[in-house]
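Atoms within a ligand are numbered from 1 in the order they appear, just like the ligands themselves.
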Amino acid sequence: MADRTPSVLDDQTEVGSYFVATYPPFSAWTTAAVETDGRPALERPPVPGVPLGLYLHIPFCRKRCHFCYFRVYTDKNAQEVGDYLDVLAREWELYASRPALVGRPLNFVYFGGGTPSFLSTRQLEGLVGRLSALTPWRDAEEVTFECEPGTLTEAKLSSIRGIGVTRLSLGVENFSDEILELNGRAHRSPEIGRAYAFARSLAFPQINIDLIAGMLGETDENWRVCVQKTLELQPDSVTIYQMELPFNTTISGNLLKGTGRFDQPVADWPTKRRWVREAFEALETAGYSVRSAYTAVKDPSRTRFVYTDRLWQGADMAGLGVASFGHMNGVHIQNLDTWETYAAAVRRDEIPLNRAYRPTPEERLIREFILQLKMGSIKPGYFKEKYKVDVLDHFREGLGSLASEGYIAACDENRVALTREGLLRVDGLLKRFFRPEHAGIRYT
Ligand code: SF4
């Protein structure tokens, strides 16, 4: 296994990716593999028993947040949004007719972005009508919808509930108007309370609140207030990300060019970890359980995350929309990443793939092992059954180094568990499990 790479583990928040979303890193995926692996994967029948999901990328936002690294557009008019939704619906028709997908029920659906709640009620219902006419999702285990509080009215939330959304995720990020402004967010604090009250009154089965620890301008005092206000709302789950600075954010661009535009540094990693630790402790005191490096849930017996669980276990997923990611029959795929090339490919009746990667069995093992570690613990027996591998032996060196650094709380054949300190920095600890050829390369 690879040695630990120190770059992003250092205390300062430097420009570069921290969050590990998959393995191998995105930069290892290639355009050549679209033809050799990506398209052939769509032509094969599915492996029996593998669940299928659908991800819909809605790449519109009212404003671009200064820390955003997603493919989003803030300048499209209603006509252009309508055109995009037409392309999305056509893309699903193309997918749904391939042997890998034909006739398969959807186990989960995820509306991500961007800002799915940017769509008007009419646009949303029109899109869902077209998609679900082809593949109904009434029986899906989970339908998640990401929202920006300032885009939500009672009527729109009612329509979101009406299309079968079971998990509403509110991108609150912070409760301070000054910090929201400083970081380029479009919404303000009064909109949070209003949207949350509407959502509760509509009885969504699960409401999640997203926070970010370490936004520009964050302070100890304000963070305490944010956690307190979150607790007062009593969401079903709380997700907390530590602010990072991937290369393509506005903040990163300005830092690299030395423009001086953002003169307040992003808090260092120890401070961000402390803020998350304090938030988790406050949530635990209030009865929540920490479920992963990012999430605490009010009732673990009721609150599930089908999307992440399935994806991490290797489910199939069609990712619709510009730059979307998917996975099909053992191959990772990503769509073309500009509006023009993506839309033009779909209009030629082509599934608009840009790059792909077929992981080896060992890479699949590493992927699931490191992603499960982000939950705080793994069961070696699960890996023995699924991969016929003893992970205690296979990852002996990496686990040994974690233990010697004090990040392992348990390590036996029943369970490998991280300490809370290990969990809070887990993304920075995972590279030691990468294959040597992936350890030093750019992540995205
Ligand atoms: S709302 Fe989300 S997707 Fe949109 S600009 Fe902000 S961070 Fe990016």
Side-chain angles (χ1 to χ4, degrees), residues 13 15 17-19 21 26 55-77 80-81 84-85 88 110-120 123-124 144-153 156-157 160 167-189 191-192 195-196 199 207-218 226 238-255 261-262 266 272 294 307 319-325 334-335 337-339 342 444:
T13 300
V15 174
S17 293
Y18 168 76
F19 190 83
F26 297 109
Y55 175 88
L56 295 140
H57 185 61
I58 308 297
F60 310 109
C61 293
R62 292 196 291 159
K63 273 174 81 177
R64 185 174 176 84
C65 306
H66 299 328
F67 54 84
C68 180
Y69 52 91
F70 300 112
R71 168 68 68 195
V72 295
Y73 302 90
T74 54
D75 58 349
K76 301 295 184 191
N77 60 34
E80 291 168 307
V81 173
Y84 180 83
L85 300 180
L88 215 54
Y110 195 104
F111 288 84
T115 305
S117 58
F118 180 92
L119 299 182
S120 69
Q123 287 167 333
L124 180 62
T144 299
F145 200 95
E146 292 180 349
C147 303
E148 185 252 278
T151 58
L152 293 172
T153 59
K156 193 184 286 185
L157 270 165
I160 293 169
R167 181 167 184 268
L168 192 81
S169 188
L170 273 183
V172 168
E173 322 309 1
N174 205 290
F175 286 84
S176 153
D177 286 345
E178 198 184 323
I179 290 177
L180 292 168
E181 165 76 31
L182 198 58
N183 288 268
R185 286 293 292 184
H187 75 272
R188 293 293 175 267
S189 54
E191 292 162 327
I192 299 169
Y196 191 86
I207 302 180
N208 173 74
I209 282 185
D210 268 353
L211 296 176
I212 299 176
M215 291 173 84
L216 293 175
E218 189 59 280
C226 280
V238 181
T239 304
I240 310 175
Y241 296 104
Q242 296 178 44
M243 177 92 144
E244 59 172 335
L245 293 176
F247 285 94
N248 50 351
T249 71
T250 307
I251 300 174
S252 306
N254 279 270
L255 287 178
R261 176 173 171 204
F262 298 103
V266 171
K272 289 184 288 193
Y294 324 100
Y307 170 77
L320 306 188
V322 61
S324 284
F325 294 97
Q334 187 189 10
N335 275 354
D337 64 358
T338 65
W339 176 289
Y342 159 75
T444 49

Inset, instruction - Kindly indicate whether the side chain of Ile212, heavy atoms from C-beta on, has any atom under 4.5 Å from the side chain of Asn174. - result: no
Legend entry - Heavy-atom side-chain proximity of Leu119 to Leu85 below 4.5 angstrom: yes
Inset, instruction - Decide yes or no on side-chain contact (heavy atoms from CB on, under 4.5 Å) for Arg167 and Phe145, but give the supporting numbers first. - result: CA-CA 6 Å; Arg167 181 167 184 268; Phe145 200 95; over 6 Å; no
Legend entry - Residues Arg185, Glu148: salt bridge by 4.0 Å N-O rule: no
Inset, instruction - Give a yes-or-no answer on whether the side chains of Asn335 and Ser324 include a donor-acceptor pair shorter than 3.5 Å. - result: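 Judged by distance alone, the side chains do not pair up.
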Inset, instruction - Can you pull out the closest protein heavy atom to atom 3 (S) of ligand 1? Residue, atom name and distance to 0.1 Å, please. - result: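 Protein heavy atom with the smallest distance to atom 3 (S) of ligand 1: Gly114 N, 3.2 Å.
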Inset, instruction - Have a look around atom 6 (Fe) of ligand 1 and list protein N/O/S atoms under 2.8 Å, or say none. - result: Cys65 SG
Legend entry - Residue from Leu211, Val238, Thr239, Ile240 passing side-chain contact (heavy atoms from CB on, under 4.5 Å) with Tyr294: Thr239
